[in-house]
Amino acid sequence: MITILLAATLFAVEPADTTVTLDAVTVTGQQHHYYKMRSSQTTVQVNREYLNQNFAGSLMQTLEGIPGVKAMAIGSGQSKPVIRGLGFNRLAVVEDGIKHEGQQWGDDHGLEIDQFAIDRAEVIKGPAALLYGSDAIGGVLSLYTNHVPTEPLSGSVQLFGRSNNEQLGLSARIGGRKGKFFFRANATLIDYADFRVPTDSIQYYSYWIKLKDQRLRNTAGCERDGSVMLGYQGYNFHTDVRVSDSYSKSGFFANAHGLEVRLSDIDYDRSRRDIDLPYQWVNHLKVLSHTTWRNDDVSAELNLAYQKNVREELSEPVSHGYMPKPDGTLERRFDKNTYTAGLSLRYELGRHVLQGGLNGEYQHNRRDGWGFIIPDFETGSVGGYVMDRYTLRDNLILNGGLRFDYAQTHIHSYQDWYTTPIDGTPVYQQRSEERRRHFTSLTWSAGVNYSLGQWVMKANVGKSFRVPIPKELGADGINYHIFRYERGNASLDAEESYQIDASVSWADDMWEVGIEPYLNWFPNYIYLTPTAQYVEGLQLYHHTQARVLRYGVEAQATCHITQHWQAHVQGEYLYARQKSGEKKGYTLPFSTPWSVDGGLKYLFDWHGEGFVGLRAHIVGRQNEIVPPEKPTDGYWTLNLSAGKQFPLKGSTTLSVAMHADNLLDRRYYNHTSYYRLIDVPEPGRNIAVRVGLEF
């Protein structure tokens, strides 16, 4: 049996009955040569076993072991995905074929998805706009929750927790099949307290803020998730409907709105588990319909979805600038409704596999509250694509495709509810003008897969695009939680990217080695740039465009020293440079520094059903900054992980997993951190434990 590093499976050809490993777990991989040669893109896939055994708190923290994938932590309980330094609306999160649509533009807005309902996850590193359209310019995180049960009745129960924020959680799932009909249901409950950092105080705009018991006050929260799926599985026809609802409530660090907490009557240190002002809650309702039909040569797939994302941010009413003290606590409310449809066809014609599709999306977003950041808007888009995968030989495959998209955005006007004196005259200042923008784009992609003995090589070249979002076009307000004033630019063009991705891997019974270089050229990259100006007491950031060159590399190597011992090292490096604009010659704001991971793992048995591993994570100093951004020192942490499965009576299995971060409780700063701007270090020692029972 050949063992292949999961990070190398993005370009590896595997024989049947292959096992792939990543970091601290062994995962059963795809069992067909065809799957690994189906695409020239860099792809990593992990299954439910990997997600369970590598549980580290949030979904993205669990996936951080994949080279090029990072988690942008949001307070105590959530995190956002970042692939090769790109996130937010440059990265598409897809659930069961439907792009997840929340308020993902916000730094403090996490994924409204139940991580314990996921059966497998696939990460596409690099542009994937050909299949997914706008927002996939940096990559795709594709999640699958529609696994069809094979037994009349099966299920699982999981208990989990984390030490740093005293998280406690319970998740349960049940499913069954009778004849051609099946069902599944999931429920998850999570509660957590304020999280700890290895410091007694922080500095915010030259003020020292004391912390009680080294905790960031008011960062506690809770999460409630549930979903139900009903379906029919025939010989060549499948259909299912899934309804899910995700609710979360989390506090903002009490000093996040400035120093007003000094004047507050709230006793933030009364309890580390309560949630006081300021806080946010979000509820995401999703209804998905997935239908497929296939015969020997032709297959068709239809995906339909409705999503309703409601988010409220509440804070103590305090006057700012010329704004008087508001009457209530509702600072902001966003009500976003999204309708999505996608149809794809696939036809096998000799050595050709032809594929085409159409997809469309309509969004309707309304705001409320006394604070303004983005206007009301409606957006609509439609796109179509064609692809061909041509097999010249079993070890040489070519692929290419074209896509055309049309999108339109309607931004509504907005005026302040209070007056501002302009030249001595009180005026209801206009923050957003009525705007209608239309965008079109023709994108393309071409690639090659080639294998020769123990070598596997891939290359892909193409063009991608991204439509500017309403926040980039029409924002004009204070974002207290990120400690800055943000201003949009209504004249922004659609962002374009030309990219080259490549990968080379080699493996034998003892060694596995892989390297993945990539290059991006953006003629008109959109980003939020800091300025030296201050508006209403906060630093002004405004959206602009510039020519940007980005390139980087990811590399990994694994040595199977013996049947039980493995050593692993991986590293990544990203370079970015602005080639035009007011910050020409500088990098991009909040660019990720280089990092290296090295570890040693002991397997209790050959199949990887039990393991213990120690890993060192090293991050370099980030001197590549955009003034007035500040450099960040490098750091290193020591991390431990372990897991074991215990077969019980019949098909029942007990599994235990533990993941410990920052064992030495070191104080360090993440350059891309949510709280980096106010001198808040990363969390201290954090031990995550999961105990699961599957039947």
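Only heavy atoms go into these numbers, but all of them, side chains included; no hydrogens, no water, no symmetry mates.
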K.L.:
Quick check, are the ring centers of Y418 and Y322 under 6.0 angstrom apart?
P.N.:
no

K.L.:
Would R311 and W281 count as a cation-pi pair here, with the cationic atom under 6.0 angstrom from the ring centre and within 45° of the axis?
P.N.:
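Because its charged atom misses either the 6.0 Å distance or the 45° angle limit, R311 does not stack over W281.
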
K.L.:
If we only count heavy atoms from C-beta on, is the R366 to R333 side-chain gap below 4.5 Å?
P.N.:
no

K.L.:
Evaluate the side-chain hydrogen bond (donor to acceptor under 3.5 Å, both in side chains) criterion for residues Q115 and D225: first the C-alpha distance (whole Å), next the side-chain angles of each, then the deciding distance (0.1 Å), finally the verdict.
P.N.:
CA-CA 9 Å; Q115 63 175 312; D225 303 311; over 6 Å; no

K.L.:
State whether the number of non-hydrogen atoms from other residues, nucleotides or ligands found under 6.0 Å of F334 atom CZ is greater than 12.
P.N.:
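Result for CZ/F334: enclosed.
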
K.L.:
Counting distance only, does the side-chain N/O of S673 pair as donor-acceptor with the main-chain N or O of Y669 below 3.5 Å?
P.N.:
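No; judged by distance alone, with no hydrogens or angles, the pair does not exist.
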
K.L.:
Do the ring centers of Y279 and F252 come within less than 6.0 Å of each other?
P.N.:
no

K.L.:
Decide yes or no on salt bridge (charged side-chain N to carboxylate O under 4.0 Å, His left out) for E101 and K308, but give the supporting numbers first.
P.N.:
CA-CA 9 Å; E101 285 291 349; K308 184 177 182 65; over 6 Å; no

K.L.:
Identify the heavy atoms of V689 and M658 that sit nearest to each other, and give their distance.
P.N.:
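Shortest heavy-atom separation between V689 and M658 comes out as CG2-CG, 4.0 Å.
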
K.L.:
Show the numbers, then the answer: is there a side-chain hydrogen bond (donor to acceptor under 3.5 Å, both in side chains) between H284 and Q307?
P.N.:
CA-CA 7 Å; H284 192 96; Q307 301 176 67; 3.1 Å; yes

K.L.:
Using side chain to side chain donor-acceptor pair (under 3.5 Å) as the criterion, list what pairs up with R367, not counting sequence neighbours.
P.N.:
none

K.L.:
Does the side chain of D245 come under 3.5 Å of the side chain of N283 through a donor N or O and an acceptor N or O?
P.N.:
yes

K.L.:
Could R270 and D276 be called an ion pair, given the rule that one side-chain N must be under 4.0 Å from one carboxylate O?
P.N.:
yes

K.L.:
Is there a donor-acceptor pair under 3.5 Å between the side chain of T219 and the backbone N or O of F253?
P.N.:
no

K.L.:
Any side-chain to backbone donor/acceptor pair from Q104 onto G102? Under 3.5 Å, distance only.
P.N.:
yes

K.L.:
Any side-chain to backbone donor/acceptor pair from D194 onto A220? Under 3.5 Å, distance only.
P.N.:
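Yes; at least one donor-acceptor contact below 3.5 Å.
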
K.L.:
Quick one: closest heavy-atom pair of P468 and I526, and the distance?
P.N.:
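The pair with the smallest heavy-atom distance is CB-CD1, 3.9 Å.
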
K.L.:
Does a donor on one side chain and an acceptor on the other come within less than 3.5 Å for N164 and R162?
P.N.:
no

K.L.:
How close do L51 and V46 get, counting heavy atoms only, and between which atoms?
P.N.:
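Nearest pair, atom of L51 first, then V46: CD2-CG2, 4.2 Å.
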
K.L.:
Looking only at side-chain N and O atoms, does H543 offer a donor or acceptor that is under 3.5 Å from a partner on N489?
P.N.:
no

K.L.:
Can you find a pair of side-chain heavy atoms, one from F372 and one from I478, that are under 4.5 Å apart?
P.N.:
no

K.L.:
Once you round to the nearest 0.5 Å, how far does OG1 of T529 lie from CZ of R487?
P.N.:
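The distance works out to 13.5 Å.
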
K.L.:
Ignoring hydrogens and angles, tell me if any N or O in the side chain of E472 forms a donor-acceptor pair with the backbone of I469 under 3.5 Å.
P.N.:
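Pair found, side chain donor or acceptor close to backbone of I469.
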
K.L.:
Can F116 and F55 be said to form a ring pair (Phe, Tyr, Trp, His ring centres under 6.0 Å), step by step?
P.N.:
CA-CA 10 Å; F116 296 98; F55 170 72; 5.7 Å; yes

K.L.:
Quick one: does any side-chain atom of N165 pair with a main-chain N or O of F195 as donor and acceptor, under 3.5 Å?
P.N.:
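Flag not set: sc N165 to bb F195 has no pair under 3.5 Å.
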
K.L.:
Is it true that R690 and S655 share a donor-acceptor pair across their side chains at a distance under 3.5 Å?
P.N.:
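Judged by distance alone, the side chains do pair up.
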
K.L.:
Judged by atom type as modelled, is there a donor-acceptor pair below 3.5 Å linking the side chain of E64 to the main-chain atoms of K70?
P.N.:
no

K.L.:
In terms of ring plane angle, is the pair Y635 and Y668 parallel, tilted or perpendicular, where the classes change at 30° and 60°?
P.N.:
parallel

K.L.:
Can you give me the closest heavy-atom contact between G474 and P375, atom names plus distance?
P.N.:
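Looks like O-CD, 3.6 Å.
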
K.L.:
Does R667 pair with E682 as a salt bridge, N-O distance under 4.0 Å?
P.N.:
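The answer is no: the pair does not qualify as a salt bridge.
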
K.L.:
Does any part of the side chain of L664, heavy atoms only, come nearer than 4.5 Å to the side chain of W636, both counted from C-beta?
P.N.:
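SC-SC contact between W636 and L664 confirmed.
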
K.L.:
Could you check if a side-chain atom of L211 sits within less than 4.5 angstrom of a side-chain atom of L216, using non-hydrogen atoms only?
P.N.:
yes

K.L.:
Is a salt bridge present between R272 and E166, judged by a nitrogen-to-oxygen distance below 4.0 Å?
P.N.:
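Result for this pair is yes, salt bridge flagged.
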
K.L.:
Below 4.5 Å, heavy atoms only, C-beta onward: do E112 and N309 meet side chain to side chain?
P.N.:
yes

K.L.:
Determine whether T199 and I202 satisfy the following criterion, side-chain contact (heavy atoms from CB on, under 4.5 Å), listing intermediate values before the conclusion.
P.N.:
CA-CA 7 Å; T199 184; I202 62 172; 4.3 Å; yes

K.L.:
Can you check side-chain contact (heavy atoms from CB on, under 4.5 Å) on W105 and I374, steps first, answer last?
P.N.:
CA-CA 10 Å; W105 51 266; I374 63 171; 3.6 Å; yes

K.L.:
Taking the basic N atoms (NZ, or NE/NH1/NH2) and the acidic carboxylate oxygens, is any pair closer than 4.0 Å for E554 and R84?
P.N.:
yes

K.L.:
Which pair of heavy atoms, one from R431 and one from D476, lies closest together, and at what distance?
P.N.:
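The pair with the smallest heavy-atom distance is NH1-O, 2.7 Å.
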
K.L.:
Salt bridge or not for D191 and R273, using N-O below 4.0 Å?
P.N.:
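Yes, this pair counts.
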
K.L.:
Could you check V93 against I113 for side-chain contact (heavy atoms from CB on, under 4.5 Å), going step by step and ending with a plain yes or no?
P.N.:
CA-CA 10 Å; V93 177; I113 294 176; 4.0 Å; yes

K.L.:
Please confirm whether Y541 and Y527 have ring centers closer than 6.0 angstrom.
P.N.:
no

K.L.:
Any side-chain heavy atom of L189 sitting closer than 4.5 Å to one from R224?
P.N.:
yes

K.L.:
Distance only, no hydrogens: is a donor on one side chain within 3.5 Å (strictly under) of an acceptor on the other, for T188 and D114?
P.N.:
yes

K.L.:
For residues R332 and E312, determine if any side-chain heavy atom of one lies less than 4.5 Å from a side-chain heavy atom of the other.
P.N.:
no

K.L.:
Could you walk me through whether F377 and L473 satisfy the side-chain contact (heavy atoms from CB on, under 4.5 Å) test, starting with their C-alpha distance in whole Å, then the side-chain angles of each, then the deciding distance to 0.1 Å, before giving a yes or no?
P.N.:
CA-CA 11 Å; F377 67 84; L473 296 170; over 6 Å; no

K.L.:
Are any side-chain N or O atoms of W370 and backbone N or O atoms of L330, one a donor and one an acceptor, separated by less than 3.5 Å?
P.N.:
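Yes; at least one donor-acceptor contact below 3.5 Å.
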
K.L.:
Hey, does R615 have a side-chain heavy atom less than 4.5 Å from the side chain of K601?
P.N.:
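No, their side chains stay 4.5 Å or more apart.
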
K.L.:
What I want to check is whether the side chains of E331 and S315 have a donor and an acceptor closer together than 3.5 Å.
P.N.:
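The answer is yes; a qualifying pair exists.
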
K.L.:
Would you tell me whether S264 and E316 have side-chain atoms, one donor and one acceptor, within less than 3.5 Å of each other?
P.N.:
yes

K.L.:
May I ask you to decide if G138's main-chain N or O and K125's side chain share a donor-acceptor pair within less than 3.5 Å?
P.N.:
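Flag not set: sc K125 to bb G138 has no pair under 3.5 Å.
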
K.L.:
Do R577 and Y575 get their side chains close enough for a donor-acceptor pair, meaning under 3.5 Å?
P.N.:
yes

K.L.:
Can you tell me if R666 and T637 form a side-chain donor-acceptor pair at under 3.5 Å?
P.N.:
no

K.L.:
Checking the side chain of Q578 only, and the main-chain atoms of T587 only, is there a donor and an acceptor separated by less than 3.5 Å?
P.N.:
yes

K.L.:
Would you call the rings of H671 and F590 parallel, tilted or perpendicular, where under 30° means parallel and over 60° means perpendicular?
P.N.:
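Rings of H671 and F590: tilted, as their planes differ by 30° to 60°.
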
K.L.:
Please lay out, stage by stage, how K249 and E223 fare under the test salt bridge (charged side-chain N to carboxylate O under 4.0 Å, His left out).
P.N.:
CA-CA 7 Å; K249 179 181 179 181; E223 183 178 338; over 6 Å; no

K.L.:
Quick one about N479 and E486 (side-chain donor to acceptor, distance below 3.5 Å, no hydrogens or angles considered), yes or no?
P.N.:
yes

K.L.:
Minimum heavy-atom separation for H568 to Q570, with atom names?
P.N.:
NE2-OE1, 2.8 Å

K.L.:
Within the supplied structure, the quantity of interest is the number of heavy atoms (other residues, nucleotides, ligands) at a distance under 6.0 Å from D327 CG; does it exceed 12?
P.N.:
no

